[in-house]
Amino acid sequence: MAPSKHGVHAAAWSVLLRMAVAVNNGLAQTPQLGWNNWNSLGCDVSEDLLLDTSQKLLDLGLRDVGYNYVVLDDCWSDGRDEDGYLVADSTRFPRGMKFLADAIHEKGMLYGMYSSAGEYTCARYAGSLDHEEHDAKSFASWDVDYVKYDNCYSMGRHGTPKISYDRYDVMAKALNATGRPMLYSLCNWGEDLTHTWGMSIANSWRMSGDIYDSFSRPDILCSCDDPRDPHCIAPGSHCSVLNILNKVAPYTDRGQPGGWNDLDMLEVGQGGMTDEEYKAHFSMWALVKSPLLIGADIRHLPASALTILNNPAIIAINQDPAGRSAHRIRINLDVKKDKYGVGEAHVWSGPLANGDQVVAFLNAADEDLKMEAGLDEIFVDDGPEGSAPQVKLSWEVYDLWGGRMSEKTAQKLVDASEAGVGIAEAQKAADWYNTTELSYADGLQAQDSRLFGTKIGEVKAQGTLKATVKRHSVEVFRLRSKGGETKRYSVHREL
Ligand SMILES: *[C@@H]1O[C@H](CO)[C@@H](O)[C@H](O)[C@H]1NC(C)=O
Ligand SMILES: *[C@@H]1O[C@H](CO)[C@@H](O)[C@H](O)[C@H]1NC(C)=O
C-alpha cells in the first residue's frame, strides 16, 4: 500500500481518509510542535517551571518558529477528591491548573497535560484507567489543549491490538464528550501494533520505547535485539535515535494529517550527543513527520542547540501541508562499524506539497562517507526502475542546513533572555522566521528564502545526487524542479 504520487490507488487513499476522519477533532493537521519537561526534568515540575519556560519560548523566538504547546508531564497530582476528581499538587501548583492554562494562553501558546491509561501513572501517581470521564472533564474544565496518555500499570489490559485499542478508546470518547478539542497523544510505546489503530482514535501515537540521549548505542532496556525487525516492537526505554528510526522505517506511511507516528521527544540540547548527531536526530524526526517536542530544559539551552531547534528550513519539511512522511529508500550495512558493532547508512526521500522532494543522506557509520542516490532511486515511489516522470527533469539542490543561524546570533538571544533586556533587539537582528506572522504553508507558497536553505548546485535529468557526509551526521536537501512540470499535492488529497 505504499502511496505514490502518480500510481496511487484510489482504494488505498480512501482507507487513509477514512482513518483520518475517525479522530475528527480538527487538530494536528501538521505534527504538533512544543516542549515537554520529561526528558530533562522528570518529576521536578512546578508552576514556576512552566511559567519560566513559556517565557523562554517567547524570548528565544521558539514560539514564533512554531513550538506552541507547553506540555506538563507526570507527577503533578495529589490523588483524588471525594467526588473522584484529580487534585493538583498544591505545593507545586499553588494556583492550580486553570491558572496555568490561562497564563500560557495569554502568551499565545497552548497547554498540555499528562495521565496514564493505567491504575497509576508511570511515576505512581493516580492513573486515569476507569476514571476517564472524570479526568477528561477535569482537563476540559481547566482549559487544557493537549493530553499525553501513557501506558503504565495497565492492570494486564494489553496483549492484543483490540484490548489496547479499547483501553485507549475510552479516553478518546471521554475527551470528545467534553466538547473541547484536545490533542490526544498516545504514549503506549508501540505496544500491540499501535501503528495499525492509533490513527483511528488519536492525533499521534508513540511507536517505540522511550528515547534516550544517545545516537546509536544499543541498550538491553530497549528490548529489541535487532531494531531492524519490524515485528520487534516490544516497549522499553533507552532507545537510541538510530534504533527508533529503524523501527519506524517500515510504517512511515501511517502518518497523515490529523494523526502522526510519534518518535518521542527530542534530546537536542541535553548533552549526550555531538552537534552533528543532534542535527541528524532533529532532521530525521522532521522528515518522518514526528511531533517535535523539545525535551531540554530551555532555561539553560546552549546556543548551538538553539540553532538546531530553530532551523525553519527543516521545520518547514515537518510542517509541509501535504503531510507525507519521507521513507527510507536504501540502507547500506556494509560500512565501518563502531565499538558496539553498529554502522549503517541510509537514504531517505519524500514528496512535498509544492512538487519539491526532500532527500536525506544519514551517515551512521563510524567514518565520513561519500554518499549518492540517482534520481531513479529518489523518485522510486513515483515509478520503479527509473520510470518516474521526475527522473527526466533537472533539479536545483538546496542544502537545508545551509542557512543555519550563527552561534553568535543565537548566543545574543540567549544572553538577552537571561538578562531580561534587549530581547526585542536581539530578535530583530536575528531576522528569524516568524510563523505568528506567516505560517509555513503560506511561507512556502510565497517562496520565503528562509525555508529553502542555500542553493548548492543541481542534478541533471537522469543524474545523481552526491555528497560527503560526516560521521554520525546527515545532509538534507530540497530538490526543486528546474522549469519542468511536477505534480503538486492537493492539501486535501482529492483523488
Ligand atoms: C467529537 O467527534 C465528532 C464525531 O467524530 C466530531 O465531529 C467532533 O468534532 C468531535 N469533537 C471534539 C471536541 O473532539
Ligand atoms: C513574531 O511576530 C509577532 C506578531 O507580529 C510578534 O509579536 C513577535 O514579537 C515576533 N517574534 C519574533 C521572534 O520576532
Side-chain angles (χ1 to χ4, degrees), residues 17-29 32-33 35 53-68 104-113 132-133 135-147 149 168-186 197-204 256-259 294 298 301 303 306-307 309-312 315 319 405-406 409-418 420-440 442-443 446 448 450-451:
L17 287 169
R18 246 183 292 127
M19 291 193 291
V21 162
V23 187
N24 210 10
N25 59 10
L27 301 174
Q29 292 306 300
Q32 64 266 30
L33 304 175
W35 173 87
T53 297
S54 22
Q55 189 59 43
K56 278 281 176 190
L57 286 167
L58 278 182
D59 293 350
L60 296 174
L62 288 168
R63 179 202 72 177
D64 292 323
V65 87
Y67 298 94
N68 63 342
I104 289 167
H105 291 156
E106 220 159 87
K107 290 184 158 66
M109 284 173 280
L110 298 164
Y111 182 41
M113 287 189 70
E132 291 87 351
E133 257 177 60
D135 295 355
K137 275 187 195 155
S138 293
F139 293 140
S141 74
W142 295 331
D143 285 350
V144 167
D145 306 292
Y146 181 121
V147 175
Y149 205 42
Y168 279 91
D169 189 35
V170 181
M171 183 56 99
K173 292 205 162 80
L175 291 172
N176 181 279
T178 67
R180 181 177 177 83
M182 288 183 262
L183 193 153
Y184 187 34
S185 155
L186 303 193
W197 50 265
M199 63 287 280
S200 304
I201 55 172
N203 297 110
S204 63
Q256 57 193 282
I294 299 169
I298 59 167
L301 191 69
L306 181 58
T307 67
L309 295 168
N310 74 7
N311 182 345
I315 302 175
Q319 298 292 302
M405 182 185 278
S406 78
T409 304
Q411 191 62 54
K412 282 192 183 141
L413 281 167
V414 170
D415 291 345
S417 88
E418 241 147 60
V421 292
I423 293 166
E425 291 82 348
Q427 286 181 349
K428 196 151 186 278
D431 183 32
W432 217 231
Y433 196 78
N434 191 337
T435 58
T436 306
E437 288 173 348
L438 188 65
S439 72
Y440 283 105
D442 290 342
D448 188 299
R450 291 169 294 188
L451 303 184

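The analysis underlying the following values was restricted to heavy atoms, covering all of them including side chains, and did not include hydrogens, waters or symmetry mates. Indexing begins at 1, ligand by ligand and atom by atom, following the structure's order. Here the structure is a predicted model, which is why all the values come from computation and not from measurement. Starting from 1, each residue takes its place in the sequence as its number.
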Taking distance alone, with no angle check, do Asn24 and ligand 1 share an N/O pair under 3.5 Å? yes
Tell me, with the steps shown, if Met113 and Trp142 meet side-chain contact (heavy atoms from CB on, under 4.5 Å). CA-CA 10 Å; Met113 287 189 70; Trp142 295 331; 3.8 Å; yes
May I ask which of Asn176, Thr178, Leu183 has a heavy atom nearer to atom 10 (C) of ligand 1 than the others do? Asn176
Ligand-side contact atoms (ligand 1) for residue partner Gly179, heavy atom cut-off under 4.0 Å: 13 (C)
Geometry only, no angles: is Asn434 polar-contacting ligand 2 at N/O separations under 3.5 Å? yes
Of all heavy-atom pairs between Leu60 and Ile298, which one has the smallest distance, and what is that distance? CD1-O, 4.1 Å
Which class fits the ring pair Tyr440 and Tyr433: parallel under 30°, tilted 30 to 60°, perpendicular over 60°? parallel
Measure the distance from atom 7 (O) of ligand 2 to every protein heavy atom, then report the residue, atom name and distance (to 0.1 Å) of the closest one. Arg63 NH2, 4.5 Å
4.5 Å side-chain heavy-atom contact, Glu132 and Tyr149: yes
Test your reading of the model: is there a side-chain donor-acceptor pair from Gln427 to the backbone of Leu413, 3.5 Å cut-off? no
Would you check whether Thr436 has a nitrogen or oxygen atom less than 3.5 angstrom from a nitrogen or oxygen atom of ligand 2? no
Ligand 1 to Asn25, heavy atom cutoff 4.0 Å, flagged ligand atoms 14 (O)
Name the option, out of Gln427, Lys428, Glu437, that contains the heavy atom nearest to atom 9 (O) of ligand 2. Gln427
Students should be able to answer this: which protein heavy-atom is nearest to atom 8 (C) of ligand 2, and at what distance? Asp64 OD2, 3.6 Å
Ignoring hydrogens and angles, state whether a donor on the side chain of Ser204 or Gln32 is under 3.5 Å from an acceptor on the partner side chain. yes
Rounded distance [0.5 Å steps], CZ in Arg450 versus CD1 in Ile315: 12.5 Å
Proximity of Arg180 to ligand 1 by residue part, where a heavy atom lies under 4.0 Å: backbone
